[in-house]
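So the structure is just underneath, and the comments pick up after that.
Keep in mind the model is a prediction, meaning the values are calculated, not measured.
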Amino acid sequence: MGPIVAVTGTPGCGKTTLCKKFQFSVKSVRELAEEYDCIDEIDPLDGASPIDIEKLSKSIDWGASPLIVDGHLSHLLPVDAAIIVRCNPNVLQERLESREYSSEKIQSNLESELIGLISSECLGMPHLELDSDIGINAMFEQSMQWITDGFIPQRPNEPIDWIELIHGSD
């Protein structure tokens, strides 16, 4: 079986844009949830369709080919590794506002990105953190090198720290 790699991160960070560069098969978490009947109707409060990740994790059949799984919940599935796309909160806010997210949803996503919530959820698996500021081509090249090298980084992965960026280091 080929590797199953999650491309994850806060909504608006650039996951789907990165996934479009891969030559592997790519499926979104939403597509998988629909395929395995693990998605609910749209919640009128936040406009999202809740996905039963636990049920999906138990139901999913990955097949034999390498696969990229795109979505901010992808790292919660039984994957081999995760690529975490990060985005400066100031840039992310603009992106989410352009998507017309509610102010509550924007704030929640900004807080998640600021504290590195998804990164902390990936600590138990091989993972690569990428700052979207380096550009899509550089992110793709680093991702492919990392996957090709068996999820071994070329250098130790330094976590992205937006709090330090905002408040400075002492």
Find out whether [X] and [Y] are in side-chain contact, i.e. whether some heavy atom of one side chain is under 4.5 Å from a heavy atom of the other.
X      : Y     : value
Thr17  : Val85 : no
Cys13  : Leu92 : yes
Ile68  : Ser25 : no
Thr10  : His72 : no
Ser132 : Cys87 : yes
Val5   : Asp80 : no

If I take atom [atom1] from residue [X] and atom [atom2] from residue [Y], how far apart are they, to the nearest 0.5 angstrom?
X      : Y      : atom1 : atom2 : result
Leu67  : Leu77  : CG    : CG    : 10.0 Å
Ser143 : Leu130 : OG    : CG    : 4.5 Å
Asn88  : Gln93  : CG    : CD    : 10.5 Å

Compare every heavy atom of [Y] with every heavy atom of [X], then report the nearest pair and how far apart it is.
X      : Y      : answer
Ala6   : Val79  : CB-CG2, 4.0 Å
Cys122 : His127 : O-ND1, 3.2 Å
Asp40  : Ser49  : O-CB, 3.5 Å
Pro11  : Leu96  : O-CD2, 3.4 Å

Exercise for the section: Just jot down the salt bridge (charged side-chain N to carboxylate O under 4.0 Å, His left out) partners of Glu34, sequence neighbours excluded, or say none. Expected result: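 Counting only residues at least two positions away or on another chain, Glu34 forms a salt bridge (charged side-chain N to carboxylate O under 4.0 Å, His left out) with Arg30.
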Problem - For Phe151, ring-ring contact (aromatic ring centres under 6.0 Å, His included) partners two or more places apart - result: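 ring-ring contact (aromatic ring centres under 6.0 Å, His included) list for Phe151, sorted by chain: Trp146.
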Problem - Partner set under side chain to side chain donor-acceptor pair (under 3.5 Å) for Asn109, not counting sequence neighbours - result: none
Problem - Those residues that, when tested against Thr8, pass side chain to side chain donor-acceptor pair (under 3.5 Å) (two or more places apart) - result: His75
Handout entry: Of all pairs that satisfy salt bridge (Lys or Arg N to Asp or Glu O under 4.0 Å), the ones with a partner from residues 95-113, not counting sequence neighbours
Key =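 Checked against salt bridge (Lys or Arg N to Asp or Glu O under 4.0 Å) - neighbours excluded - the pairs reaching residues 95-113 are Arg86-Glu113.
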Completion exercise
So the salt bridge (Lys or Arg N to Asp or Glu O under 4.0 Å) pairs with at least one residue in residues 10-24 (sequence neighbours excluded) are none
Handout entry: ILVMFWY cluster membership beyond Ile84 - transitive side-chain contacts under 4.5 angstrom
Key =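 Listed partners: Ile118.
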Handout entry: Name of the residue among Ser74, Cys19, Ser28 meeting side-chain contact (heavy atoms from CB on, under 4.5 Å) with Val69
Key = Ser74
Practice task
Verify whether one side chain among Asp149 and Gln145 offers a donor that lies under 3.5 Å from an acceptor in the other.
Solution key: yes
Practice task
For Asp133, check side-chain contact (heavy atoms from CB on, under 4.5 Å) against everything at least two apart and list the hits.
Solution key: Asp131
Practice task
Output all residues satisfying side-chain contact (heavy atoms from CB on, under 4.5 Å) with Glu35, sequence neighbours left out; order by chain, then residue number.
Solution key: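 With sequence neighbours excluded, Glu35 shows a side-chain contact (heavy atoms from CB on, under 4.5 Å) to Lys27, Leu32, given in chain and number order.
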Practice task
May I have all residue pairs that pass ring-ring contact (aromatic ring centres under 6.0 Å, His included) and include part of residues 4-27, sequence neighbours excluded?
Solution key: Phe22-Phe140
Problem - Within residues 33-56 or reaching into it, pairs that qualify as ring-ring contact (aromatic ring centres under 6.0 Å, His included) - sequence neighbours excluded - result: none
For residues 50-58, which side-chain N or O atoms pair as donor and acceptor with protein atoms under 3.5 Å away, sequence neighbours left out?
unit_1, atom_1, unit_2, atom_2, d
Asp52, OD1, Glu54, N, 3.3
Asp52, OD1, Lys55, N, 2.9
Glu54, OE2, Lys58, NZ, 3.4
Lys55, NZ, Asp37, O, 2.9
Ser57, OG, Ile53, O, 2.9

